[in-house]
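Structure first, commentary second.
Numbers restart at 1 for each chain; the letters A, B, ... are given by sequence-line order, proteins then strands. Any value given below was found using the heavy atoms of this structure, including those in side chains, with hydrogens, waters and symmetry copies removed. Computed from a predicted model, the values in this text were never measured in an experiment.
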Amino acid sequence: MQTPPSTPAPEHEAIRITLPDGTVRVFDTPVSVAEVARAIGPGLAVNTVAGKIDGRLVDACDVIRRDAALQVITPRDEEGLDIIRHSCAHLLGHAVKQLYPAARMVIGPVIDDGFYYDIAFERPFTPQDMAAIEQRMRELIAQDYEVIKKITPRAEVAALFEARGEDYKLRLIEDMPDEPFFGLYRHQEYVDMCRGPHVPNTRFLKVFKLTKLAGAYWRGDAKSEQLQRIYGTAWSDKKDLDAYLQRIEEAEKRDHRRLGKELGLFHFQEDAPGAVFWHPKGWTVFRQLIAYMRRRQEEAGYLEVNSPDVMDRSLWELSGHWHNYRDHMFTTETEDGRSLALKPMNCPGSVLLYRHGLKSYRDLPIRMSEFGKVHRYEPSGSLHGLLRVRHFTQDDAHIYCTPQQMDAECRDVVALVLDIYRQFGFEDVRIKLSTRPQNRMGDDATWDLLEGALVQALEGMGLPYKLNPGEGAFYGPKLEFVLRDAIGRDWQCGTLQVDMNLPERFGVDYVDEDGQRKRPVMLHRALFGSLERFTGILIEHHAGKLPAWLAPVQAVVLSITEEHAPYVHDVTLLLRGAGLRAECDVRNEKIGYKIREQTLQRVPFLLVAGGKECDAGTIALRTRDGEDLGVMQLAQAVAYLKDATQAPDFYARGEAQQQLCARLGIDIPASSGA
RNA sequence: GCCACCGUAGCUCAGUGGUAGAGCACACCCUUGGUAAGGGUGAGGUCGAGGGUUCAAUCCCCUUCGGUGGCUCCA
């Protein structure tokens with residue numbers, strides 16, 4: 001990784017250094033990045049973190065020996081910030097070794113927003129240790145010491161870490177057998193090995209904070225020993241750190257577990273770890289999602305089925321799930337000694353439905369959908385609200401088709417999923433292609449064919465994708481659809497998998513036009529993926545303000561005083577009659593109080609009736625964002641709210657219907673909607 | 001599953017080796033108020049569960065269950 005000090009160029013030749021703005025500085029002798037910065041100006045000199053010579057990052061102390069383009073890196077550059085974070089990890093090492101000399105340092109890389117360091121130590125670190133480490137780091141920064149870099153021969157580096165008992169560093173050296181030299185960075189008595197670059201002085205590291213303590217496996221392997229990982233965040237400016245901490249706080253406010261509680265959507269409890277107790281409001285949202293997907297799938301030619309939740313173990317042996325996932329399956333024994341399992345996937349049930357009765361090529365493709373609830377014994381440590389549960393509902397479907405139909409079916413699925421995400425407001429969707437894993441069924445020729453089919457579908461549609469080698473399912477390759485939410489987080493939701501293994505294993509077939517029995521190809525696809533998870537993502541994406549068509553309560557009618565309660569009840573009935581999910585609030589409270597409460601409940605529309613409205617047969621409307629929509633006649637208000645709470649697919653369907661009518665030259669009055 | 005931390009009223013959280021407190025929510029009363037919190041009174045807890053130490057445990061120790069943050073995993 002490190003190059004030896006390059007051979008000095010002849011000293012009499014002048015060195016021309018081109019700066020980013022195009023100016024050229026000429027030096028008589030080789031100069032370091034820091035010296036060039038000093039020549040440009042004292043302000044820049046103080047802020048020099050590192051340099052970039054001909055596009056390659058180097059340390060401020062590194063010497064330039066021939067003509068080159070140089071960019072001085074300061075804390076304001078993105079690279080400068082990364083270097084600060086990386087050096088913060090070394091500083092952490094310095095503090096840890098002073099406080100706990102027996103600790104052995106492992107690796108300390110940069111991550112998003114910060115850094116971490118993995119450490120092996122005889123006892124667990126405590127939060128108090130962490131506070132002490134942070135305190136020591138601040139003391140070391142205050143010493144304003146220079147970080148000294150030295151490119152060192154392999155044998156010398158190994159001897160140094162050997163003498164210091166840093167056996168993990170020795171293992172890292174072994175991992176790089178072809179490196180004759182390594183970069184050593186000295187923080188006073190502490191030495192770390194790194195490809196660099198690093199800051200020249202600890203004064204650059206002032207804005208940091210240790211954030212959390214966690215366990216992590218050596219080399220990321222759960223079978224290896226566990227190390228202790230200390231996470232930190234670091235910035236070039238105090239303002240950036242504050243903004244970061246505020247961002248974390250914002251994300252916490254959007255946390256679906258918190259909002260689920262506040263909005264009365266669902267809860268979890270010990271009696272059923274990893275399982276959701278849906279409250280009426282949360283279940284309303286869930287039902288809207290199913291209803292939406294049902295409409296979209298019916299339109300797209302799917303047939304909905306339902307398969308058993310508990311099936312014989314032999315079925316799971318046949319499908320391969322038992323072999324691969326038995327530890328993660330819920331099983332039960334019956335009195336007569338049968339071994340049964342709760343379904344962890346819907347596909348075997350679907351296959352049995354397909355296999356029931358003879359299928360002709362004329363029947364294909366068969367698009368068989370199922371809102372199946374699957375059960376997986378997920379590791380306790382990975383459970384996380386609605387986002388990772390042990391019992392969840394998939395908007396699953398299996399498409400049985402001929403190999404010739406496979407391409408068109410894949411494209412239809414991709415088009416459908418992208419359209420659905422768009423209707424939910426997710427415009428930024430990335431696609432990943434996961435190919436054959438180590439542990440797989442079927443021969444390579446089949447995998448070639450199936451991976452090729454997915455590539456062909458994507459490329460045929462002109463869609464970019466990212467390759468994810470070795471990440472496919474054991475029975476086939478898959479596409480994964482990743483959407484980006486309102487605050488920039490990525491969520492993997494839908495998948496499309498192509499499979500010739502299960503049809504083979506289960507011996508399913510169809511009669512082709514030549515009268516021969518042939519194997520269909522099977523496509524597995526889920527678009528929301530887990531409905532529980534998707535609900536959680538929607539809650540976080542919208543910070544609880546679900547779009548009006550999904551909101552559990554779409555409108556609340558509020559009375560100013562008790563006197564107006566009968567009118568408020570009538571208006572509520574009127575809205576319900578028009579298909580809205582409406583409630584009334586006639587509590588003996590001031591209007592300001594009721595507005596506040598319903599707003600905090602994220603009810604999209606609040607309708608207020610007092611004396612004026614009762615007398616005039618009107619209603620005053622406002623939104624949860626505080627926007628005053630004015631006073632409307634009741635009929636006008638109903639029409640407005642019906643339109644504002646319409647599901648997005650109804651709009652699309654309405655437009656399609658209009659176009660069809662125009663083509664047929666007929667005039668059908670618009671349907672009354674939901 | 002592994003590492004660390006946490007578990008007190010419906011919710012958010014104080015607190016102590018001598019069997020507990022606040023705010024909000026809830027119930028009742030007063031108030032009938034026009035767009036983000038009107039006032040009063042009251043009820044409410046096996047201090048996650050089991051075991052140990054102690055005259056005495058919500059508090060200290062062990063075990064266990066659950067949660068949180070990571071790691072690993074995610075058909």
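- Residue Asp271(A) places no side-chain atom within donor-acceptor reach of the base of G66(B), judged by atom type and a 3.5 Å distance cut-off alone.
- Across C6(B) and U64(B), the matching C1' atoms stand 16 Å from one another, rounded to whole Å.
- Heavy atoms of Glu562(A) sit under 4.0 angstrom from at least one base atom.
- Side-chain contact check for Asp129(A) versus Leu99(A): every heavy-atom pair is 4.5 Å or farther apart.
- Taking atom CD on Glu270(A) and atom P on G66(B), their separation rounds to 7 Å, with Å as the unit.
- Contacts of Leu600(A) with the nucleic acid, taken as non-hydrogen atoms under 4.0 Å apart, include base atoms.
- Nucleotides A22(B) and G45(B), compared at atom P, are 14 Å apart to the nearest Å.
- Glu122(A) places its CD atom 17 Å from the P atom of C3(B), with the value rounded to the nearest Å.
- Residues Ser350(A) and Tyr400(A) have side chains that bring a donor and an acceptor to within less than 3.5 angstrom of each other.
- Whole-Å rounding puts the Asn588(A) CG to U32(B) P distance at 10 Å.
- In this structure, Phe277(A) atom CZ and G66(B) atom P are separated by 13 Å, rounded to whole Å.
- Residues meeting the side-chain contact (heavy atoms from CB on, under 4.5 Å) test with Ala644(A), sequence neighbours left out: Phe605(A), Tyr640(A).
- If you check the side chains of Gln497(A) and Tyr475(A), you find a donor sitting under 3.5 Å from an acceptor.
- Atom CG of Leu387(A) and atom P of G67(B) are 14 Å apart (whole Å).
- Applying the Watson-Crick and G-U wobble criteria (two distances, each under 3.5 Å), C60(B) pairs with G52(B).
- Proximity of Pro124(A) to Gln228(A): side-chain heavy atoms (C-beta onward) are separated by under 4.5 Å at one or more points.
- Outside the 6.0 Å centre-distance limit, the rings of Trp316(A) and Tyr325(A) are not counted as a close aromatic pair.
- Using atom C1' as the reference point in both A57(B) and U41(B), the two lie 35 Å apart (nearest Å).
- Rounding to the nearest 0.5 angstrom, the gap separating the NZ atom in Lys545(A) from the CZ atom in Arg254(A) is 9.5 Å.
- With both ends at atom P, the span from U19(B) to A14(B) equals 22 Å, rounded to whole Å.
- Distance noted for atom P between U46(B) and G10(B): 8 Å (whole Å).
- Rounded to a whole angstrom, the distance from the P atom of U63(B) to that of A4(B) is 11 Å.
- For Ile560(A) and G34(B), the CD1 to C1' distance is 4 Å, given to the nearest whole Å.
- Between Phe426(A) and His541(A), the two ring planes are tilted [angle within 30° to 60°].
- In this structure, G17(B) forms no base pair with any nucleotide, since neither Watson-Crick nor G-U wobble geometry is met with both distances under 3.5 Å.
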Under 3.5 Å, which protein N or O atoms sit close to an N or O of nucleotides 10-13 of chain B? Give each pair with its distance.
from: U12(B); atom 1: OP1; to: Lys261(A); atom 2: NZ; distance (Å): 2.8

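- Put simply, CG on Leu558(A) is 12 Å from P on A36(B), counting in whole angstrom units.
- Residue Gly592(A) is in sugar-phosphate contact alone, with no base atom involved, counting any heavy-atom pair closer than 4.0 Å across all strands shown.
- Shown here, A22(B) forms a base pair with U12(B); the pair counts as Watson-Crick or G-U wobble because both key distances fall under 3.5 Å.
- No contact: Glu627(A) has no heavy atom under 4.0 Å from any strand.
- Between Thr599(A) and A36(B) there is no side-chain N or O to OP1 or OP2 distance below 4.0 Å.
- Base pairing analysis places G33(B) opposite nothing; no Watson-Crick or G-U wobble pair with both distances below 3.5 Å involves it.
- Classification of the His256(A)-His384(A) ring pair by plane angle, with boundaries at 30° and 60°, yields tilted.
- Here Tyr354(A) and Phe506(A) keep their ring centres 6.0 angstrom or further from each other.
- No option in Phe266(A), Phe268(A), Phe392(A) other than Phe266(A) meets the ring pair (Phe, Tyr, Trp, His ring centres under 6.0 Å) test with Trp278(A).
- Distance, Ile591(A) CD1 to G38(B) P: 12 Å, rounded to whole Å.
- Across every strand in view, U68(B) sits in a pair with A4(B) that passes the Watson-Crick or G-U test at under 3.5 angstrom.
- Nearer to the 5' terminus of RNA chain B, by closest-nucleotide assignment, is the contact made by Leu227(A) (compared with the other of Leu227(A) and Glu597(A)).
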Review point. Using a cut-off of 4.0 Å between protein heavy atoms and nucleotide atoms, how would you tag nucleotides 68-75 of chain B 5' to 3' with B, S and -?
Key: SBBBBBBB
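- A27(B) sits 37 Å from C60(B) when the P atoms are compared, rounded to a whole Å.
- In this structure, CZ in Arg440(A) is found 10.5 Å from OG1 in Thr446(A), a value given to the nearest 0.5 Å.
- When the P atom is compared between C65(B) and G50(B), the two are found 15 Å apart, to the nearest whole Å.
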